[in-house]
Enquirer: 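Questions regarding the structure given below will be posed in turn.
Throughout, protein chains are lettered first and strands after them, A, B, ... in sequence-line order, and every chain is numbered starting at 1. Here the structure is a predicted model, which means the values were calculated and not measured.
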Protein chains: 2
Amino acid sequence: MKHPVRKTLTERCKRKGLRITAPRRVILQVLETAQDHPDVDELHSRVREIEPGVNIATVYRTMNTLAEHGLIERHSFSDGRARYEAVPESHHDHFINVDTGEVIEFRSDEIERIQEEIARTYGFDIVSHRLDIYVRPRQPDDD
Amino acid sequence: MKHPVRKTLTERCKRKGLRITAPRRVILQVLETAQDHPDVDELHSRVREIEPGVNIATVYRTMNTLAEHGLIERHSFSDGRARYEAVPESHHDHFINVDTGEVIEFRSDEIERIQEEIARTYGFDIVSHRLDIYVRPRQPDDD
DNA sequence: TTTGCAAGTGCAATTCATTTGCATCTGCGC
DNA sequence: GCGCAGATGCAAATGAATTGCACTTGCAAA
Ligand SMILES: [Mn+2]
Ligand SMILES: [Mn+2]
Ligand SMILES: [Zn+2]
Ligand SMILES: [Zn+2]
């Protein structure tokens, strides 16, 4: 079986000794079901639809805790605020549509491999990396 | 001739219609001679060694102006503040030593090419990109 | 060379994302 | 059920970056 069903974020939190409080339960659920890369304000508003009392400071603190435990990824695209996603099944990088802000995921094994190769020639081990490609829909070339 | 000596930053500013004021002259000189990727505070302190009256708001404003005119690149590595460098002769990406914060430049034509290729398959034109690879000196593997 | 004025600057105040101090609350191991 | 370390709410603080405003200055035109 290629994909034994992945442990839920909540389960993975418990395993790390993090308490599952009411705010966290909701935050984790929101992260798990998000199909995009929400910022803290967006997370907060999604959380409040389910659990209105949750404070935005709690969302900030939870993002830090989850990131420290390696359960979510923090991105900083060119728009000031940090954006988050649950650590994906398998690594990917991002296109950002500069006209709309839309984020599109992609993966290139070839790029990943060459990064390793280059790092090795420099005597480095890779800890992490980020490749953000800012794009716009292809224009027919009017020459 | 491969490398006609490149126009100085100051010349390129003039050509864009930007005024060469005393603060700018110094800021441009500092950028031109920097061998690293200084943040605004660092730029400001280098500038003040030459021209003590320059205000940090002027450094911020000048970074914005120069970036808008495509004369410098703004980076945001994992340490909160923006870092700058004069637009390089030819594009490169960066390793960041996570232990020391040191930034090392590299270039991979292969990675650049594959990015273009992938973008094309998604129907995008690339506007810009950034590849930051966080690394540490290679550890002999103790298994 | 002088002049006019838009662009640039210094300074202080402001903005905005994020963090933090503190009193209170609560998950969860015993 | 108890105890308490960890988590939360709230308000205040932080820190990078921006901005309003009065004053200065580069530089094109005269
Ligand atoms: Mn993603
Ligand atoms: Mn560089
Ligand atoms: Zn990648
Ligand atoms: Zn590149």
Enquirer: Rounded to the nearest Å, what distance is computed from the CD1 atom of residue I20(A) to the P atom of nucleotide dG6(D)?
Expert: 15 Å
Enquirer: If I take atom CD in residue E51(B) and atom C1' in nucleotide dT25(D), what distance separates them, rounded to the nearest angstrom?
Expert: 13 Å
Enquirer: Within less than 4.0 Å of OP1 or OP2 of dT19(C), is there a side-chain N or O belonging to N64(A)?
Expert: yes
Enquirer: Does the Y122(A) side chain pair with the main chain of F95(B), one donor and one acceptor, at a distance under 3.5 Å?
Expert: no
Enquirer: Using whole Å, report how far CG of D79(A) lies from P of dA17(C).
Expert: 10 Å
Enquirer: How many Å lie between CG on L43(B) and P on dA16(D), as a whole number?
Expert: 14 Å
Enquirer: Provide, to the nearest angstrom, the distance between the CD1 atom belonging to I56(A) and the P atom belonging to dA12(D).
Expert: 17 Å
Enquirer: Between H44(A) (side chain) and V54(A) (backbone), is there a donor-acceptor pair under 3.5 Å?
Expert: yes
Enquirer: Within the pair N55(B) and dC11(C), is there a side-chain N or O less than 4.0 Å away from OP1 or OP2?
Expert: yes
Enquirer: Decide yes or no on side-chain hydrogen bond (donor to acceptor under 3.5 Å, both in side chains) for H37(A) and E105(A), but give the supporting numbers first.
Expert: CA-CA 10 Å; H37(A) 301 76; E105(A) 305 180 336; 3.0 Å; yes
Enquirer: If you compare all heavy atoms of E102(A) against all heavy atoms of I104(A), which two are closest, and at what distance to 0.1 Å?
Expert: O-CD1, 3.8 Å
Enquirer: Looking only at side-chain N and O atoms, does R61(A) come under 4.0 Å of OP1 or OP2 in dT19(C)?
Expert: no
Enquirer: NE2 of H69(A) versus P of dG6(D): gap in Å, rounded?
Expert: 11 Å
Enquirer: Hey, does D41(B) reach any base, or is it just sugar-phosphate, or nothing, if we go heavy atoms under 4.0 Å?
Expert: nothing
Enquirer: Measure from the side-chain heavy atoms of T62(A) and tell me the nearest of dC10(D), dT8(D), dG8(C).
Expert: dT8(D)
Enquirer: Among dT18(C), dT9(C), dA6(C), find the nucleotide with the atom closest to the side chain of R19(B).
Expert: dA6(C)
Enquirer: Quick check: on DNA chain C, is the nucleotide nearest T21(A) upstream (toward 5') of the one nearest R24(B), or the reverse? Name the residue that is more 5'.
Expert: R24(B)
Enquirer: Can you tell me how far C1' of dC11(C) sits from NE2 of H44(B), to the nearest Å?
Expert: 12 Å
Enquirer: Below 30° counts as parallel, above 60° as perpendicular, anything between as tilted: where do the rings of H92(A) and H94(A) land?
Expert: perpendicular
Enquirer: Output yes when at least one side-chain N/O atom of Y60(A) is less than 4.0 Å from OP1 or OP2 of dT18(C), else no.
Expert: yes
Enquirer: For the side chain of R81(B), starting at C-beta, report the closest nucleotide among dA16(D), dT8(D), dT20(C).
Expert: dA16(D)
Enquirer: dA7(C) C1' sits how many Å from K14(B) NZ, rounded?
Expert: 16 Å
